[in-house]
Amino acid sequence: MDNASTLNKGQQVRRAANPLQAEGKPPMSNEHPYPEKTVGAPFVDDPKMRMRDVDVFYGDKQAIHGVSLDIGKNEVVALIGPSGCGKSTFLRSLNRMNDTIDICRVSGSLHLEEQDLYDPKMDVVELRARVGMVFQKPNPFPKSIYDNVAYGPRLHGLANKKYDLDEIVETSLRKAGLWEEVKDRLHQPGTGLSGGQQQRLCIARTIAVSPEVVLMDEPCSALDPIATAKIEELIAELSESYTIAIVTHSMQQAARVSQRTAYFHLGHLVEMNDTDTVFTKPQHSLTEAYITGRFG
Ligand SMILES: Nc1ncnc2c1ncn2[C@@H]1O[C@H](COP(=O)(O)OP(=O)(O)OP(=O)(O)O)[C@@H](O)[C@H]1O
């Protein structure tokens, strides 16, 4: 779906018959602006990740309010919404990155298949290998390209012999679409690569430990359009092997890469549905207002 068609369709959306909305009423009225339950279809059969009634607080301030959604196996789910609506906070709760923030507290039920993510016995290092993360700004370690990718497999004891490690490094770089560009300079610093290459290196580093889920927090926001297009192509390829959740500010990107989209507003999950439906027939006035550019 190209940019123009996404937005043109967005302009023509029908208004959903939701009793909490009134035709012509601004989305943020004095009435509670959210549906009692998320509208659309936030749940799937046999999910890879299952979140129910998730609240996240920073100190006394609640950033996520009772969010329930599933992420399906090998699905790409996009999390969208205005700045500060809690997309990154929610994403970070999926591999306990929020644990690194002292004042942050997560409650509710969050599962990776049968595994309770917040089980006190959970090994968080192991969890973050199973649920890897790619950040907004490419953040290669100050090490060689090879050692960036080999870091995780070494840490987790995934390769005993140099030959096995070489193979993991090559396979990961190939999957990240970077092998051809770096195969002759594997021992040069990762930080010497271009921004787009560094981000693909970070993706290679993430997939080198064979994660089940890859979380991406605005992975293209620091990249130019060509590097962005490469990462988007990569997301489609990676989704054959991994489950992906991506936070993005770009509705066009969400439309291009994801099968389902979740729309967040002030910490609430307002709507979740298949991506085409969210962008062409949103069921909530807040979603419609966002996708038609009335706020953001
Ligand atoms: N470390 C923190 N300490 C306190 N409050 C925080 C912290 N991180 C985020 N918040 C607050 O939580 C709310 C949600 O922020 P979050 O970064 O998750 O939103 P977002 O939708 O990802 O925003 P953006 O699109 O601008 O990145 C905001 O009100 C933000 O100020």
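Starting from 1, each residue takes its place in the sequence as its number. Counting starts at 1 for both ligands and their atoms, following the listed order. Everything numeric in this text was worked out from a predicted model, so none of it was measured.
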If the cut-off is 4.0 Å to any non-hydrogen atom of P82, which atoms of ligand 1 fall inside it?
21 (O)
Going by heavy atoms, is G81 under 4.0 Å from ligand 1?
no
Please say whether G86 places an N or O atom under 3.5 Å from an N or O atom belonging to ligand 1.
yes
Can you confirm if the NZ or CZ of R205 lies within 45° of the ring axis of F141 and under 6.0 Å from the centre of its six-membered ring?
yes
What protein heavy atom is closest to atom 27 (O) of ligand 1, reported as residue, atom name and distance in Å?
E218 OE2, 3.6 Å
Are V76 and I235 side-chain neighbours, meaning at least one heavy-atom pair lies under 4.5 Å?
yes
Look at atom 10 (N) of ligand 1 and say which protein heavy atom is nearest, naming residue and atom and giving the distance to 0.1 Å.
Y58 CE1, 3.3 Å
Check for me whether G267 has a heavy atom closer than 4.0 Å to any atom of ligand 1.
no
Quick one: look at S88 and ligand 1, take heavy-atom pairs under 4.0 Å, and tell me if it's side chain, backbone, both or neither.
both
Sub-3.5 Å N/O-N/O distance, I103 and ligand 1
no
Could you check atom 26 (O) of ligand 1 against the protein and tell me its nearest heavy-atom contact, residue, atom and distance included?
S83 OG, 2.6 Å
Look at the side chain of N148 and the backbone N and O of K143, then say whether any donor-acceptor pair between them is shorter than 3.5 Å.
yes
Under 3.5 Å, is there a donor on one side chain and an acceptor on the other for Y118 and S93?
no
Distance under 4.0 Å to a non-hydrogen atom of T89: what atoms of ligand 1 satisfy this?
14 (C), 15 (O), 16 (P), 18 (O)
To check your reading of the model: name the closest protein heavy atom to atom 29 (O) of ligand 1, its residue, and the distance in Å.
K61 NZ, 2.5 Å
When the ring planes of H65 and H268 are compared, do they come out parallel, tilted or perpendicular, using 30° and 60° as the limits?
parallel
Indicate whether the side chain of N273 and that of Y263 have a donor and an acceptor atom separated by less than 3.5 Å.
no
Protein residue, atom and distance nearest to atom 14 (C) of ligand 1, heavy-atom basis
G84 O, 3.4 Å
Taking NZ, NE, NH1 and NH2 as the nitrogens, is one of them in D70 or R52 under 4.0 Å from a carboxylate oxygen of the other?
yes
Taking R200 as the fixed residue, which of E181, E232, E233 is the one that meets the salt bridge (charged side-chain N to carboxylate O under 4.0 Å, His left out) rule?
E181
